[in-house]
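Side chains included, hydrogens not; waters and symmetry mates left out as well; all remaining heavy atoms used.
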Amino acid sequence: MSKCKDLSYVDDCIYVILLGKRSCLGEHMARMELFLLFSALLQNFTFTLPPGAKRQNAKFLNLNKHQIIASGEICAELRSLSK
């Protein structure tokens, strides 16, 4: 198989590009933006399970996190602005 079609070769190349001096210049800024976004969401909303949803333990949540995120079953209530 040629190197062009060998996916492990492509993965190795991508990891080399993402490391050291060749890393993405905007990665630090993107991480800061994500931090600000999630901080604002947590400050302004209260996240709860939908009515009737069964609480699960952390092991179940960790094993099924992709399905849980894809389902979008979470309630976000705007927090009151009065202090």
Side-chain angles (χ1 to χ4, degrees):
M1 187 177 280
S2 71
K3 285 188 175 181
C4 294
K5 297 190 187 248
D6 184 9
L7 294 179
S8 64
Y9 174 76
V10 174
D11 287 342
D12 292 340
C13 291
I14 290 172
Y15 289 129
V16 170
I17 291 170
L18 296 176
L19 297 174
K21 290 188 267 184
R22 296 184 179 104
S23 67
C24 178
L25 295 174
E27 181 181 1
H28 185 66
M29 184 174 165
R31 288 180 187 267
M32 287 190 309
E33 288 291 328
L34 283 173
F35 174 78
L36 291 173
L37 171 72
F38 286 116
S39 296
L41 286 173
L42 292 173
Q43 286 176 353
N44 293 308
F45 292 93
T46 300
F47 295 97
T48 59
L49 292 172
K54 182 181 173 188
R55 290 187 68 118
Q56 301 290 344
N57 62 17
K59 186 175 183 179
F60 173 84
L61 296 175
N62 191 32
L63 292 174
N64 299 299
K65 60 187 161 200
H66 298 292
Q67 294 168 348
I68 294 168
I69 292 170
S71 70
E73 294 180 9
I74 192 165
C75 296
E77 295 180 31
L78 187 61
R79 293 181 186 225
S80 62
L81 299 175
S82 62
K83 294 183 179 181

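Among all heavy-atom pairs drawn from Pro50 and Cys75, the shortest one is CA-SG, 3.5 Å. When all heavy atoms are compared, the tightest approach of Leu78 to Asn44 is CD1-O, 3.3 Å. Nearest heavy atoms, Thr48 versus Ile74: O-CG1, 3.4 Å. The two residues Leu41 and Phe47 have their closest heavy-atom pair at O-CE1, 3.8 Å.
Judged purely by atom type and a 3.5 angstrom limit, Asn62 has no side-chain atom pairing as donor or acceptor with the backbone of Ala58. Distance alone, capped at 3.5 Å, is enough to place a donor-acceptor pair between the Arg79 side chain and the Phe45 backbone. With Asn64 contributing its side chain and Gln67 its backbone, the two residues share no donor-acceptor pair below 3.5 Å.
A single hydrophobic cluster is not seen to contain both Leu37 and Met29; linkage of ILVMFWY side chains at heavy-atom distances under 4.5 Å, directly or through other members, places them apart.
Atom CZ of Arg55 and atom CG of Leu49 lie 6.0 Å apart (nearest 0.5 Å). Rounding to the nearest 0.5 Å gives a distance of 8.5 Å between CZ of Phe60 and NZ of Lys54.
Annotation: Met32, atom CE; neighbour count of heavy atoms from other residues, nucleotides and ligands within 6.0 Å is above 12.
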